[in-house]
Asks: 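Please see the structure below; I have some questions.
Atoms within a ligand are numbered from 1 in the order they appear, just like the ligands themselves.
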Amino acid sequence: MELSGRGVFLTGGAQGIGRAITTALLDKGAKVLFCDVNADIGKATEAELQKQCGADNVMFQQCDVTNADQLKAAFDQAVTKFGAVEICCNNAGIMDETIWEKMLAINTTAQIRGSQIALDHMRRDKGGRGGVIVNTVSIAGLIPCHWFPAYCASKHAVVGYTTSWARNPMAGAMGVRWCCLCPVSVNTDMMTSLQEDQIFDMDNFRERAADTMLQPEEVVQAFMRLVEDSDNNGAILEVWRGKGATYRKRQLVDMDGVSNPMVVDNPSQTSLKPSDVK
Ligand SMILES: NC(=O)C1=CN([C@@H]2O[C@H](COP(=O)(O)OP(=O)(O)OC[C@H]3O[C@@H](n4cnc5c(N)ncnc54)[C@H](O)[C@@H]3O)[C@@H](O)[C@H]2O)C=CC1
Ligand SMILES: CCCCCC(=O)/C=C/[C@H]1[C@H](O)CC(=O)[C@@H]1CCCCCCC(=O)O
């Protein structure tokens, strides 16, 4: 997928992974509306990025993704500003087991809502231009993590949701790809400002996390791979330190739901051989 001139909507873009993705997309000529609940950091980021990349190409909108009206209004603003949104990144997230209901609202409900808004707008069978929806998940969406069970659940749910849409028999007609970005620990505020009570067994966690930490730029490379590879519907891209980004093999079943497990990766669910999935 060529990125120049594409309209992008991204949540949680004031800092961290979202900001790094926004910057990389702008560098490739895309136009980005990023939203965030934090207006101070969001506006400061907007000012810096507008200076670097042009005032018409990037815009910030304050938005709490758990507020359905605000989320829809922010998305619509991107459509108005750029003519269409062809790339949607549901990225905003928190990690705090003490407020797990709010965490599920941000990490899961809002990513599902953001995906639905994007699908309604993008789908070619209803007059849209098609596009790609990338949900920022985590390795915690793929394996159990005893330090943060609710965070882990919030991310597993998004993998289930995203890959389920990818398997829709209408996926080809809709022209919308669905991808999961799954990094291990990343050096952002989420990791560095983590407080003792926000997860369980913090000492053990710090020990493990220290050896695995990625820089946001490494996650950006993986994100770009997801967006630019137009034949990867349903992709789950894992990002580990030292191993780079690798597509996760998936054993899905035929559309009859029971027979012939196979590795699939594109809308027609036929073109990739198992050996193509690394
Ligand atoms: N940092 C890490 O180790 C990893 C992070 N992730 C995921 O990456 C995504 C981004 O996280 P980071 O950049 O690391 O965190 P971060 O804390 O640096 O950035 C998250 C951004 O989301 C915003 N946000 C939080 N609640 C919001 C809300 N209700 N509405 C709108 N914006 C809101 C924050 O203000 C912040 O700017 C999250 O979904 C996180 O779960 C995944 C794997 C590892
Ligand atoms: C390889 C072990 C790393 C475990 C510690 C870690 O880096 C955790 C990072 C989390 C970050 O705080 C937010 C996330 O989404 C990351 C989840 C990563 C889970 C890896 C669990 C791996 C394991 O149990 O072996």
Asks: Taking the non-hydrogen atoms of V137, is any one of them nearer than 4.0 angstrom to ligand 1?
Replies: yes
Asks: Walk me through it: do R206 and E196 pass the test salt bridge (charged side-chain N to carboxylate O under 4.0 Å, His left out)?
Replies: CA-CA 10 Å; R206 282 205 194 289; E196 198 68 35; 5.2 Å; no
Asks: Is there a polar contact, in the sense of an N or O pair closer than 3.5 Å, between S138 and ligand 2?
Replies: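 Indeed, backbone or side chain, S138 has an N or O that close.
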Asks: Testing the 3.5 Å rule here: is there a donor-acceptor pair between the side chains of N135 and T162?
Replies: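 Yes, side-chain donor-acceptor contact under 3.5 Å.
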Asks: Is there a polar contact, in the sense of an N or O pair closer than 3.5 Å, between Y151 and ligand 1?
Replies: yes
Asks: Polar-atom distance check: S185 versus ligand 2, any N or O pair below 3.5 Å?
Replies: yes
Asks: Can you confirm, on distance only, whether ligand 1 has an N/O atom lying under 3.5 Å from any N/O atom belonging to V65?
Replies: yes
Asks: As a check for students: among R208, R241, M191, identify the option with a heavy atom nearest to atom 2 (C) of ligand 2.
Replies: R208
Asks: Has N107 got any heavy atom lying under 4.0 angstrom from an atom of ligand 1?
Replies: no
Asks: Select one of side chain, backbone, both or neither to describe which atoms of K155 lie under 4.0 Å from any atom of ligand 2, heavy atoms only.
Replies: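 Neither; no heavy atom under 4.0 Å.
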Asks: For I94, is at least one N or O under 3.5 Å away from an N or O on ligand 1?
Replies: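 No; the residue has no nitrogen or oxygen that sits under 3.5 Å from a nitrogen or oxygen of the ligand.
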Asks: Taking atom 19 (C) of ligand 2 as the point of reference, which of C182, A210, C145 owns the nearest heavy atom?
Replies: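 Nearest option to atom 19 (C) of ligand 2, by heavy atoms: C145.
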Asks: Tell me whether T11 reaches ligand 1 (any heavy atom closer than 4.0 angstrom to a ligand atom).
Replies: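 No; T11 lies far enough from ligand 1 that no heavy-atom distance drops under 4.0 Å.
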Asks: Check ligand 1 against T136 and write out every atom of the ligand that is under 4.0 Å from a heavy-atom position of the residue.
Replies: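 That gives atoms 7 (C), 8 (O), 9 (C), 39 (O) of ligand 1.
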